[in-house]
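All values reported here derive from a predicted model rather than from experimental measurement. Just so it is clear, the values below take in all heavy atoms, side chains as well, and ignore hydrogens, waters and symmetry mates.
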Amino acid sequence: MEKNSNYPLKTVLLTFILGGILVIVSSWNFEGEFSESFVVRVTNQMKRNRSNVMVFIPSEKIKAIRSDFNSKAFIVADGETELASQFNKTDKEFNGIVVVIDNLKAGASKDLTIQYNKSGEISRQYPKKTQAELSSKVNGEWKGREYIGGEFKNIDYLRVPKEHKDHSWFLRYEGPGWESDKVGYRFYLDQRNATDVFGKKVSEPVLQKVGLDGFDSYHEMQPWGMDVMKTGKALGVGSLGMWVNNAATRVEFTDSVISKIDENGNVFSSILTKYYGWKAGNEMLDVSSRLSIHAGTRLTNNQFDFSKDSENLCTGIVKDVKGKLFTKQGDDKSWGYIASYGPQSLNKDNLGVAVLFAPKNFSGFTSDEFSQVVKLKSLDHKLQYYFLGAWEGEPGGIKTEAEFLDYLNDVANQLAQPVTVQILKSKK
């Protein structure tokens, strides 16, 4: 059955201390659908308010206290308000409940109640605010490096054909795409492996409309928006590279590549891509890249796993004379970033792009002919960074350099001081 979430929930919460443990007893009047519950406390340790906060509750931690939890019949409530949520089954890094809190005040905690039924399936109906997709052609044929004829079909998994290169006409908008209600992205699933930005004029999902009429019509303004960044031979925004001979080398030479849509949810979406035998300079690595985005944010989270560590990794942004460069190394209160802002969009209006990284991975700032670069190193075979595009044409978009820098510094502070998420001992 499906239910609309736009209604209040009647709840009574009692708290007391038992043996030094905070116990929360919750009682619900919710038509008998969700008879079990537990409480999750989310705390903002910053001295600034936060908005659109993603809360992740890992599956293994839920099962540790509630072995009967049923991911097919649950809701998440903030007081008397039901929040949009989802349970990730496929994404191994974010396997569990994901929910986004609209506002969390400075220094404040918020208790969320997860209400569930032990058996059965009770689906919920929430607005779709994220999307991830991959669309390839079928019913055509390869002629050399071009795919001739056929029609596009959305798929969840692809082993990239050896014939596929840039402009093979095989993939709709040339690779996987992902979006939130703020912004959209794609990366070229070919030898370029660079990320691009779709500026959105609307908050609803749009990727399903992109590239159907004329393949690259998204380079011109559409009712939904357009491709707002020229990537060319650069790192785009947040593309992985290796610093070789004083230049950023993208993930070009590989033995094989697979890409799959892990999650395509209303609240959270993610894409997993594996590059086997990436050769760059004197190094060869296997790389796993997990891109994810959640509702209400411009940020893409990119998490990497490598077959071995490297101190020569890099990423960055397009070098554009119309974009003013900003850099920050970061510290214990702020992540570092490399960013630019100015009238550098393909629409000739303001666009901000940025990559944010943890200071522990930082090796230095530099540049080459095409990109502004930050050099990074992996630790314990892992690396994580975030990237974003902020186009002035989006609803409520950032329109000045000062606004962009304020936003960017706030994001950098939030990444260095994430919210804490604690499952509390609870009874029905």
Side-chain angles (χ1 to χ4, degrees), residues 56 91-95 176 178 185 187-189 191-195 234-260 262 270-293 299-317 327-332 334-339 353-368 371-388 411-412 415-418:
F56 170 56
D91 192 311
K92 292 182 180 179
E93 285 294 320
F94 293 98
N95 174 239
W178 63 104
Y185 301 95
F187 78 87
Y188 304 121
L189 191 57
Q191 81 283 356
R192 294 170 296 176
N193 276 295
T195 306
L235 289 168
V237 55
S239 310
L240 180 66
M242 188 80 73
W243 189 251
V244 179
N245 296 327
N246 295 315
T249 301
R250 300 181 301 200
V251 186
E252 180 175 358
F253 300 105
T254 59
D255 293 334
S256 63
V257 179
I258 62 170
S259 189
K260 63 191 291 281
D262 261 1
S270 62
I271 301 168
L272 178 66
T273 305
K274 294 187 176 183
Y275 304 90
Y276 297 97
W278 173 32
K279 304 173 188 68
N282 296 321
E283 298 194 54
M284 185 167 71
L285 303 169
D286 294 335
V287 184
S288 174
S289 165
R290 186 181 305 276
L291 298 159
S292 63
I293 198 166
L299 289 172
T300 289
N301 180 7
N302 204 348
Q303 296 183 336
F304 297 95
D305 286 285
F306 300 95
S307 55
K308 61 181 180 179
D309 278 321
S310 173
E311 295 187 351
N312 299 312
L313 300 169
C314 68
T315 186
I317 56 178
T327 61
K328 185 176 184 177
Q329 293 188 21
D331 52 36
D332 59 346
S334 173
W335 274 33
Y337 56 72
I338 186 167
V353 290
V355 177
L356 300 104
F357 52 86
K360 65 182 180 181
N361 300 113
F362 176 72
S363 294
F365 294 114
T366 187
S367 66
D368 63 14
S371 305
Q372 303 289 358
V373 178
V374 55
K375 295 191 288 185
L376 301 169
K377 57 187 176 183
S378 61
L379 297 172
D380 298 324
H381 299 191
K382 294 183 181 296
L383 173 66
Q384 176 182 212
Y385 56 75
Y386 291 76
F387 59 84
L388 65 92
V411 169
L415 291 176
Q417 303 169 78

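Within the 4.5 Å cutoff, the side chain of Leu313 has heavy atoms near those of the Ser378 side chain. For the pair Ile271/Lys260, no side-chain contact is recorded, criterion being any heavy-atom separation below 4.5 Å from C-beta on. Taking the side chain as every heavy atom from C-beta outward, Phe387 and Ile338 never approach each other to under 4.5 Å. Between Phe187 and Thr273 the shortest side-chain heavy-atom distance falls below 4.5 Å. Looking only at side-chain heavy atoms (C-beta outward), Val411 and Leu356 come within less than 4.5 Å of each other.
For Phe362 and Phe357, the ring centers are positioned less than 6.0 Å apart.
Remark: Lys308 engages Leu285 in a side-chain contact (heavy atoms from CB on, under 4.5 Å) (not counting sequence neighbours). Remark: Ser288 pairs with no residue by the side-chain hydrogen bond (donor to acceptor under 3.5 Å, both in side chains) rule, at least two apart or across chains. Partners of Lys377 according to the side-chain contact (heavy atoms from CB on, under 4.5 Å) rule, which considers only residues two or more places apart in sequence or in another chain, are Glu311, Ser363. Evaluation of the side-chain hydrogen bond (donor to acceptor under 3.5 Å, both in side chains) rule for Thr254 yields no partner, not counting sequence neighbours. Judged as a salt bridge (charged side-chain N to carboxylate O under 4.0 Å, His left out), and not counting sequence neighbours, the contacts of Asp305 are Lys382. Partners of Trp178 under the side-chain hydrogen bond (donor to acceptor under 3.5 Å, both in side chains) rule, at least two apart in sequence or in another chain, are Thr300. Residues satisfying the salt bridge (charged side-chain N to carboxylate O under 4.0 Å, His left out) test with Asp255, not counting sequence neighbours, are Lys279. Looking at residues two or more places apart in sequence or on another chain, you find no salt bridge (charged side-chain N to carboxylate O under 4.0 Å, His left out) involving Lys92. Partners of Asp91 under the side-chain contact (heavy atoms from CB on, under 4.5 Å) rule, at least two apart in sequence or in another chain, are Glu93, Phe94, Asp262, Glu263, Phe268, Ser270, Arg290. In this structure, the side-chain contact (heavy atoms from CB on, under 4.5 Å) partners of Gln417, at least two apart in sequence or on a different chain, are Met46, Lys333, Asn413. Shown here are the side-chain hydrogen bond (donor to acceptor under 3.5 Å, both in side chains) partners of Tyr275, two or more places apart in sequence or in another chain: Asn193.
Under a 3.5 Å cut-off, the side chain of Ser310 and the backbone N or O of Asn312 do form a donor-acceptor pair. The main-chain N or O of His381 is found under 3.5 Å from a side-chain atom of Asp309 such that the two form a donor-acceptor pair. When atom types are taken as modelled, the side chain of Ser367 and the backbone of Gln372 share no donor-acceptor pair closer than 3.5 angstrom. Distance alone, capped at 3.5 Å, is enough to place a donor-acceptor pair between the Ser239 side chain and the Thr195 backbone.
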Which donor-acceptor pairs under 3.5 Å do side chains of residues 243-250 form with protein atoms, sequence neighbours excluded?
{"unit_1": "Arg250", "atom_1": "NE", "unit_2": "Arg192", "atom_2": "O", "d": "3.1"}
{"unit_1": "Arg250", "atom_1": "NH1", "unit_2": "Gly232", "atom_2": "O", "d": "3.2"}
{"unit_1": "Arg250", "atom_1": "NH1", "unit_2": "Ala234", "atom_2": "O", "d": "2.6"}

Derivation and outcome, side-chain hydrogen bond (donor to acceptor under 3.5 Å, both in side chains), residues Gln303 and Gln384 = CA-CA 4 Å; Gln303 296 183 336; Gln384 176 182 212; 3.2 Å; yes
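Taken to the nearest 0.5 Å, the CG atom of Leu240 stands 7.5 Å off from the SG atom of Cys314.
Counting only N and O atoms by type, the side chains of Ser334 and Lys328 include a donor and acceptor under 3.5 Å apart.
Using a 30° and 60° split on the angle between ring planes, Phe306 and Phe304 fall in the parallel class, below 30°.
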